Amino acid sequence: MKVNMNKEELKETAQDARRALERERERMMEEVERMEGFLRVMDATDDLLAEIDRLNEELAERDAEMDNLHQQLQEEKEKNQALEMKMAEMSKLSAGVAKKASQEELLKALRTFVNKSKHKRIEKRTAIKEMVLEIANANGIILPEDLAATIDSLDDVQPEAKVVNVQGNYNDIHDNGNVNRA
């Protein structure tokens, strides 16, 4: 009986050991699967880190490019501002030159007209004086002193001019009475 019992006990012990080994093997296989999952996570993490590094490099390149473009934009803005300032100055200068040139031309024309009008009758000279002064005022022209004095004296009564005839009779313009012949 003892042999039978030993045999039965041995069978039971062998079965218990087998079950324990199978449980251990299942546990180890689960552990292997868990470890493989961790390894897949680690591989994915490595891939993500590599992608992050690539994206950081790309971002750094784009930041450098953006800084360069921003600097170019600033330079262009400064150039544009300088050109606008020069253009405004040139516009003012050309307007001033045009105004001055047109005023100078008008003054020249008025001076010529006034000088030619000195020999007209008093009524015409008076009308010319008023007309010239109105033209100057309407155009905002400040008359030079000599022209203003000429215009002011335009309507003054002038003595009759003395005439010299061909035969040598002479009414002296200087009232000296006779003509000296050389």
Side-chain angles (χ1 to χ4, degrees), residues 43-182:
D43 289 341
T45 302
D46 289 342
D47 291 344
L48 287 174
L49 289 173
E51 181 70 10
I52 288 171
D53 287 342
R54 187 189 65 76
L55 289 174
N56 280 336
E57 288 175 11
E58 189 177 313
L59 180 63
E61 289 173 6
R62 288 196 179 163
D63 282 347
E65 183 180 347
M66 192 173 310
D67 287 344
N68 186 23
L69 289 173
H70 183 70
Q71 183 179 359
Q72 288 177 2
L73 177 64
Q74 284 302 111
E75 289 172 0
E76 290 299 320
K77 281 182 179 180
E78 290 170 6
K79 285 179 186 177
N80 191 23
Q81 188 177 22
L83 287 174
E84 284 179 358
M85 189 180 342
K86 284 181 182 179
M87 193 165 69
E89 289 174 3
M90 289 300 287
S91 177
K92 287 178 186 176
L93 182 63
S94 64
V97 167
K99 183 177 179 184
K100 187 173 183 178
S102 64
Q103 283 184 355
E104 287 176 4
E105 290 172 7
L106 185 57
L107 280 173
K108 183 178 177 183
L110 289 176
R111 187 179 304 274
T112 303
F113 183 59
V114 167
N115 286 336
K116 287 189 179 194
S117 299
K118 287 181 185 178
H119 306 292
K120 301 209 182 270
R121 290 178 302 158
I122 186 74
E123 297 84 21
K124 285 188 175 184
R125 289 193 320 253
T126 304
I128 290 170
K129 175 181 177 180
E130 289 176 19
M131 181 180 64
V132 168
L133 290 175
E134 283 189 32
I135 289 172
N137 286 336
N139 288 295
I141 297 175
I142 298 174
L143 297 172
E145 288 182 30
D146 62 327
L147 181 58
T150 303
I151 292 170
D152 191 44
S153 66
L154 196 60
D155 62 351
D156 292 347
V157 176
Q158 298 174 353
E160 290 293 320
K162 296 191 180 179
V163 178
V164 176
N165 64 24
V166 188
Q167 283 80 23
N169 293 336
Y170 175 71
N171 291 330
D172 189 1
I173 195 164
H174 301 290
D175 290 330
N176 64 3
N178 62 9
V179 175
N180 297 329
R181 292 185 181 195

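In this text, all values refer to a predicted model and were calculated from it rather than measured experimentally.
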- Item | Gln72 and Leu69: CA distance, side-chain angles, deciding distance, side-chain contact (heavy atoms from CB on, under 4.5 Å) verdict | CA-CA 5 Å; Gln72 288 177 2; Leu69 289 173; 3.7 Å; yes

One should read off an interatomic distance between Arg125 CZ and Ile128 CD1, to the nearest 0.5 angstrom, of 9.0 Å

Apply the test side-chain contact (heavy atoms from CB on, under 4.5 Å) to residues Met87 and Leu83: give CA-CA distance (whole Å), side-chain angles for both, the deciding distance (0.1 Å), then the verdict.
-> CA-CA 6 Å; Met87 193 165 69; Leu83 287 174; over 6 Å; no

- [ ] Count the heavy atoms belonging to other residues, nucleotides or ligands that lie under 6.0 Å from CG of Leu49, then report whether that count exceeds 12.
- [x] yes

d(Gln103 CD, Leu110 CG) to nearest 0.5 Å is 11.0 Å

dist Ile52:CD1 -> Asn56:CG (nearest 0.5 Å) comes out at 7.5 Å

Taking the side chain as everything from C-beta on, heavy atoms only, tell me whether Ile135 gets closer than 4.5 Å to Ile141.
no

_Could you tell me if the side chain of Asp152 sits less than 4.5 Å from the side chain of Lys129, heavy atoms only?_
yes

Asn80 side chain vs Glu76 backbone, donor-acceptor pair below 3.5 Å = no

Value for NZ (Lys124) from CE (Met131), rounded to nearest 0.5 Å, stands at 11.0 Å

Distance col, row Thr150:OG1 vs Lys118:NZ, nearest 0.5 angstrom, shows 5.0 Å

Checklist entry - Does the side chain of Ile151 come within less than 4.5 Å of Leu147's, by heavy atoms? => result yes

In this structure, CG of Asn115 is separated from CG of Leu154 (nearest 0.5 Å) by 9.5 Å

| field | CD/Gln74: more than 12 non-hydrogen atoms of other groups inside 6.0 Å | value | yes

- prompt: Would you call Arg54 and Glu51 a salt bridge, using N to O less than 4.0 angstrom?
  reply: yes

Heavy-atom distance under 4.5 Å between the side chains of Arg111 and Leu107, does that happen here? no

(Q) Please evaluate residues Glu75 and Lys79 with respect to the criterion salt bridge (Lys or Arg N to Asp or Glu O under 4.0 Å), reporting the C-alpha separation (whole Å), side-chain torsions for both, the decisive distance (0.1 Å), and the verdict. (A) CA-CA 6 Å; Glu75 289 172 0; Lys79 285 179 186 177; 5.6 Å; no

